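Everything quoted here is computed from the prediction, not taken from an experiment. For the numbers below, each heavy atom of this structure counts, side chains included, while hydrogens, waters and symmetry mates do not.
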Amino acid sequence: MAFRTDDRDVHPPHRYADYRSTRLRAPARPRVPWSHSPTECAGPRFAAPAALEADLTARHAAPPIGERIALTGQLRDEDGRPLGGELVEIWQANAAGRYAHPVDQHAAPLDPNFSGVGRCLTDADGRYRFVTIKPGAYPWGNHENAWRPAHVHFSVFGPAFATRLVTQMYFPGDPLLEHDPIFLAVPEPARERLVSRFDWSETRAEWALGYRFDLVLRGREVTPGDPA
């Protein structure tokens with residue numbers, strides 16, 4: 001079984017000058033097309049995490065500071081098939097824009113009641129749900145007066161290593177998006193795919209606002225049983 005190649009019309013280039021870190025991290029030579037190996041067409045399977053791992057506001061002695069949100073979505077492949085039983089992981093800064101990580105030296109305060117990481121498995125319809133708080137913006141030194149928009153990181157394994165996706169989810173109406181080179185590195189027609197939608201159906205009175213962020217992984221070149 002093989003998976004479709006990346007669509008360069010919607011994926012960011014590996015090297016994007018305005019995102020300075022890519023100068024050191026990105027390949028300097030053109031890509032060489034290569035067939036998928038058997039190990040790329042398979043992937044790890046994960047046991048279901050504890051339910052508490054999907055609620056980032058209930059894992060410490062007290063609720064974290066910040067605006068509570070319910071974050072939901074559906075995981076599908078490029079053919080629209082829901083992907084059930086797949087691991088979705090998130091990590092994010094706290095409401096003040098600081099990660100609970102020793103490398104983060106931003107002067108904003110840490111929150112002892114927020115570690116900023118969560119995970120869950122999608123259900124049979126490919127749906128996931130997290131409860132967390134809205135992260136804050138933070139400075140990052142890429143350029144003059146550089147601030148990252150509020151965002152949540154996602155990692156999704158999918159059915160194979162070839163389908164694994166690591167991406168970021170933004171919030172609608174954020175004025176920092178038009179100044180962020182990571183967001184702008186994505187070709188314009190695809191940028192809105194990185195912005196979540198406000199979801200009234202997930203909003204609960206006096207408790208949390210709801211946001212929806214659907215994820216699409218690579219589709220398969222052939223379905224099981226089809227001739228190659």
Side-chain angles (χ1 to χ4, degrees), residues 10 48-60 62-97 99 111 113-138 147-156 158 165-180 182-184 186-217:
V10 298
L52 193 60
E53 294 191 57
D55 187 346
L56 284 68
T57 69
R59 300 174 61 182
H60 297 278
I65 296 172
E67 173 189 322
R68 185 186 289 111
I69 61 173
L71 183 55
T72 65
Q74 186 183 35
L75 180 67
R76 303 187 300 271
D77 68 13
E78 287 175 308
D79 297 311
R81 291 175 288 208
L83 298 172
E86 303 297 345
L87 182 68
V88 180
E89 299 172 287
I90 63 171
W91 65 98
Q92 63 171 93
N94 65 22
Y99 291 92
D111 185 342
N113 294 310
F114 189 71
S115 54
V117 296
R119 61 179 186 159
C120 69
L121 293 186
T122 56
D123 66 14
D125 295 321
R127 300 186 186 282
Y128 71 86
R129 187 174 191 275
F130 291 100
V131 176
T132 181
I133 52 100
K134 188 174 182 180
Y138 58 82
W147 291 80
R148 291 296 335 274
H151 61 278
V152 177
H153 297 266
F154 275 76
S155 168
V156 186
L165 173 69
V166 178
T167 188
Q168 299 181 19
M169 184 214 85
Y170 301 94
F171 292 86
D174 193 325
L176 292 173
L177 289 175
E178 61 182 282
H179 303 285
D180 183 61
I182 296 179
F183 179 73
L184 297 179
V186 177
E188 188 171 6
R191 287 176 195 160
E192 285 304 309
R193 301 181 190 180
L194 298 174
V195 181
S196 58
R197 291 189 292 109
F198 176 69
D199 188 348
W200 186 253
S201 68
E202 285 290 338
T203 296
R204 298 289 182 270
E206 302 182 23
W207 190 75
L209 295 178
Y211 291 90
R212 177 167 179 146
F213 186 60
D214 294 331
L215 296 148
V216 178
L217 304 182

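Note on ring orientation: taking the six-membered ring where Trp is involved, the planes of His151 and His153 are perpendicular (angle over 60°, cut-offs 30° and 60°). Between Tyr211 and Phe171, the ring planes lie perpendicular to each other; the angle is over 60°, past the 30° to 60° tilted range. Between Phe213 and Phe154, the ring planes are tilted. Angles from 30° to 60° get that label.
The side-chain heavy atoms of Leu87 and Arg119, taken from C-beta on, include a pair separated by under 4.5 Å. Two residues are said to be in side-chain contact when any heavy atoms from C-beta on lie closer than 4.5 Å; Lys134 and Val152 fail this criterion.
Among all heavy-atom pairs drawn from Ala93 and Ile133, the shortest one is O-CD1, 4.5 Å.
Residues forming a side chain to side chain contact (heavy atoms under 4.5 Å, CB included) with Ser115 (at least two apart in sequence, or on another chain): His60, Val117. Every residue two or more places apart in sequence or in another chain that forms a side chain to side chain contact (heavy atoms under 4.5 Å, CB included) with Ala208 is listed here: Arg68. In this structure Ala62 satisfies the side chain to side chain contact (heavy atoms under 4.5 Å, CB included) test together with Asn113, sequence neighbours excluded.
With hydrogens and angles left out, the side-chain atoms of Arg148 and Tyr170 include a donor and acceptor closer than 3.5 Å.
Thr203 contributes a side-chain N or O that, together with a main-chain N or O of Gly210, makes up a donor-acceptor pair within less than 3.5 Å. Listed for the Asn94 side chain is a donor-acceptor partner under 3.5 Å among the backbone atoms of Ala96. The backbone N or O of Leu75 sits nowhere less than 3.5 Å from a side-chain atom of Glu86 that would complete a donor-acceptor pair. Judged by distance alone, the side chain of Glu67 and the main-chain N or O of Leu209 form no donor-acceptor pair under 3.5 Å. Between the side chain of Thr122 and the backbone N or O of Leu83 there is at least one donor-acceptor pair closer than 3.5 Å.
Of the charged side-chain nitrogens involved, none lies within less than 4.0 Å of a carboxylate oxygen, so that Arg127 and Asp123 do not count as a salt-bridged pair. Between Asp199 and Arg197 there is no salt bridge, since no side-chain N of the basic residue sits under 4.0 Å from a carboxylate O of the acidic one.
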*Show the numbers, then the answer: is there a side chain to side chain contact (heavy atoms under 4.5 Å, CB included) between Val186 and Leu194?*
CA-CA 9 Å; Val186 177; Leu194 298 174; 3.6 Å; yes
_CA sep, side-chain torsions, deciding dist, call: Thr57, Phe130, side chain to side chain contact (heavy atoms under 4.5 Å, CB included)_ = CA-CA 10 Å; Thr57 69; Phe130 291 100; over 6 Å; no
*When you look at Val156 and Leu217, which way does the side chain to side chain contact (heavy atoms under 4.5 Å, CB included) test go after all the steps?*
CA-CA 9 Å; Val156 186; Leu217 304 182; 4.0 Å; yes
